[in-house]
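What follows is a single structure, written as structure tokens, with notes after it.
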Amino acid sequence: MSAVLEVENLTVSMGVQQILHGVSLSVEEKGIYGVLGSNGVGKTTLMRAISGIYKPDGGTIRFKGEVVTGLPSHAIVKAGISQAPEGRQIFSNMTVRENLLIGGGRHGLSELDHVASLFPILKERINQEAGSLSGGEQQMLCIGRALMGKPEILLLDEPSLGLAPKIVKAIFDLIERIRSEGLSILIVEQNAKSVLRIADQAAVMEGGKIVLQGDAKALAADPRVAEAYLGGHAHV
């Protein structure tokens with residue numbers, strides 16, 4: 001299967017501090033790729049560089065074979081890459097419907113019914129203020145807003161952050177369903193168990209570098225991953 005997103009030797013700095021040190025990964029078409037790592041290792045920086053929010057110092061980002069390194073974020077979205085950011089960043093005083101339409105761009109109303117069908121709870125709350133939603137519902141809204149632009153790859157930054165275990169499972173089940181509709185997904189997470197359950201390929205990031213990379217099931221069975229991220233017990 002061909003790669004839809006390729007990151008090669010990516011370096012990113014904030015002022016004098018280098019955050020990413022030669023990160024490389026490849027997301028296959030209709031695949032789920034998970035990047036694991038604790039807080040502060042560079043996962044969000046990686047996502048923001050791919051999204052065009054941060055400009056890399058070096059390296060190459062290719063989407064469907066075309067170089068998109070350093071393009072502005074609106075051009076990245078137009079190309080077919082959409083991100084659901086860490087912390088959700090919804091518009092609390094606007095309705096669910098208004099939040100979704102903001103993400104729709106040129107697709108707007110034509111995509112609203114389809115996205116709402118993926119999230120029945122959002123359909124029920126379509127005219128409710130987004131700030132009144134639960135944390136899990138806000139995360140669904142954040143993902144739904146990202147899907148409104150009809151991306152070919154979805155970037156998910158810590159979608160389980162701050163959510164109860166039951167809600168986390170529902171979110172990850174939803175991510176699998178989104179993939180089944182033909183999307184590729186790159187997800188960065190501290191919740192290794194949930195990611196490795198659904199991912200095809202995965203990597204472990206430490207100190208702005210990829211230190212382990214490969215088949216997700218193989219990583220789940222790796223004692224080093226188990227010790228650091230799975231409570232000392234390997235999961236397959």
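Excluded from the calculations below are hydrogen atoms, water molecules and symmetry mates; all remaining heavy atoms, backbone and side chain alike, are included. Along the sequence shown, residues are numbered consecutively beginning with 1.
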Can you name the closest pair of heavy atoms from [X] and [Y] and give their distance?
X: A84; Y: A146; value: N-CB, 4.1 Å
X: P159; Y: I187; value: CG-CD1, 3.6 Å
X: A79; Y: F63; value: O-CE2, 3.1 Å
X: A216; Y: A199; value: CB-O, 3.2 Å
X: A202; Y: L196; value: CB-CD2, 3.8 Å
X: N99; Y: F91; value: OD1-N, 2.9 Å

Are the side chain of [X] and the backbone N or O of [Y] linked by a donor-acceptor pair below 3.5 Å?
X: E137; Y: S134; value: yes
X: S73; Y: S51; value: no
X: Q190; Y: E158; value: no
X: E29; Y: G31; value: no
X: T95; Y: E129; value: no
X: T69; Y: T60; value: no

Could you check whether [X] pairs with [Y] (Lys NZ or Arg NE/NH1/NH2 to Asp/Glu carboxylate O, under 4.0 Å)?
X: E189; Y: K43; result: no
X: D200; Y: K217; result: no
X: R177; Y: D173; result: no

Atom pair [atom1] ([X]) and [atom2] ([Y]), whose distance is rounded to the nearest 0.5 Å:
X: L71; Y: H74; atom1: CG; atom2: NE2; value: 8.5 Å
X: R48; Y: L20; atom1: CZ; atom2: CG; value: 12.0 Å
X: L25; Y: M205; atom1: CG; atom2: CE; value: 7.5 Å
X: L112; Y: L122; atom1: CG; atom2: CG; value: 10.0 Å
X: E28; Y: I153; atom1: CD; atom2: CD1; value: 11.5 Å
X: I198; Y: L174; atom1: CD1; atom2: CG; value: 9.5 Å

(message) Under a plain distance cut-off of 3.5 Å, with no hydrogens placed, do D57 and T11 share a side-chain donor-acceptor pair?
(response)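 Judged by distance alone, the side chains do not pair up.
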
(request) List the steps and the verdict of side-chain hydrogen bond (donor to acceptor under 3.5 Å, both in side chains) for S26 and E6. (result) CA-CA 4 Å; S26 178; E6 298 166 282; 4.9 Å; no

Linking I/L/V/M/F/W/Y whenever their side-chain heavy atoms sit closer than 4.5 Å, directly or via other members, would [X] and [Y] fall into one cluster?
X: L46; Y: I32; value: no
X: V7; Y: L183; value: no
X: I19; Y: V41; value: yes
X: V35; Y: I185; value: no
X: V188; Y: L10; value: yes

(message) Is there a side-chain contact between P85 and C142 in this structure, where contact means two heavy atoms from C-beta onward sitting under 4.5 Å apart?
(response) yes

(request) Evaluate the side-chain proximity of L36 to N191: yes if any heavy-atom separation is below 4.5 Å, no if none is. (result) no

(message) Are there over 12 heavy-atom neighbours, none belonging to E181, within less than 6.0 Å of that residue's CD?
(response)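 Correct, the count exceeds 12.
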
(request) With sequence neighbours excluded, tell me which residues meet salt bridge (charged side-chain N to carboxylate O under 4.0 Å, His left out) with K64. (result)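 K64 satisfies salt bridge (charged side-chain N to carboxylate O under 4.0 Å, His left out) with E152 once adjacent residues are dropped.
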
(request) Please determine which of R145, Q139, M140 meets the side-chain contact (heavy atoms from CB on, under 4.5 Å) test together with I143. (result)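 Between I143 and the candidates, side-chain contact (heavy atoms from CB on, under 4.5 Å) is satisfied uniquely by Q139.
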
(request) Report the C-alpha distance between R197 and K169 in whole Å, list the side-chain angles of each, state the deciding distance to 0.1 Å, and finish with yes or no for side-chain contact (heavy atoms from CB on, under 4.5 Å). (result) CA-CA 10 Å; R197 176 174 69 85; K169 185 180 185 307; 4.2 Å; yes

(message) Taking side chain to side chain donor-acceptor pair (under 3.5 Å) as the definition, give me every residue that meets it alongside E124, ordered by chain and number, with sequence neighbours left out.
(response)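 Checked E124 against side chain to side chain donor-acceptor pair (under 3.5 Å); zero matches.
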
(message) Test of understanding: with side chain to side chain donor-acceptor pair (under 3.5 Å), list the residues that count as partners of E206, not counting sequence neighbours.
(response)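 Per chain and number, E206 pairs via side chain to side chain donor-acceptor pair (under 3.5 Å) with no residue.
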
(message) Is there a side-chain hydrogen bond (donor to acceptor under 3.5 Å, both in side chains) between S24 and N9? Walk through the geometry before answering.
(response) CA-CA 5 Å; S24 297; N9 202 30; 5.2 Å; no

(request) Give the intermediate values and the outcome of side-chain contact (heavy atoms from CB on, under 4.5 Å) for residues R97 and L101. (result) CA-CA 6 Å; R97 177 189 174 92; L101 287 175; 4.1 Å; yes

(message) If you apply the rule side-chain contact (heavy atoms from CB on, under 4.5 Å), what do you find for F119 with L147, and how did you get there?
(response) CA-CA 11 Å; F119 306 87; L147 291 173; 4.1 Å; yes

(request) Could you give me the CA-CA distance, side-chain angles and deciding distance for M47 and L186, then say whether side-chain contact (heavy atoms from CB on, under 4.5 Å) is met? (result) CA-CA 9 Å; M47 296 297 245; L186 175 62; 3.9 Å; yes

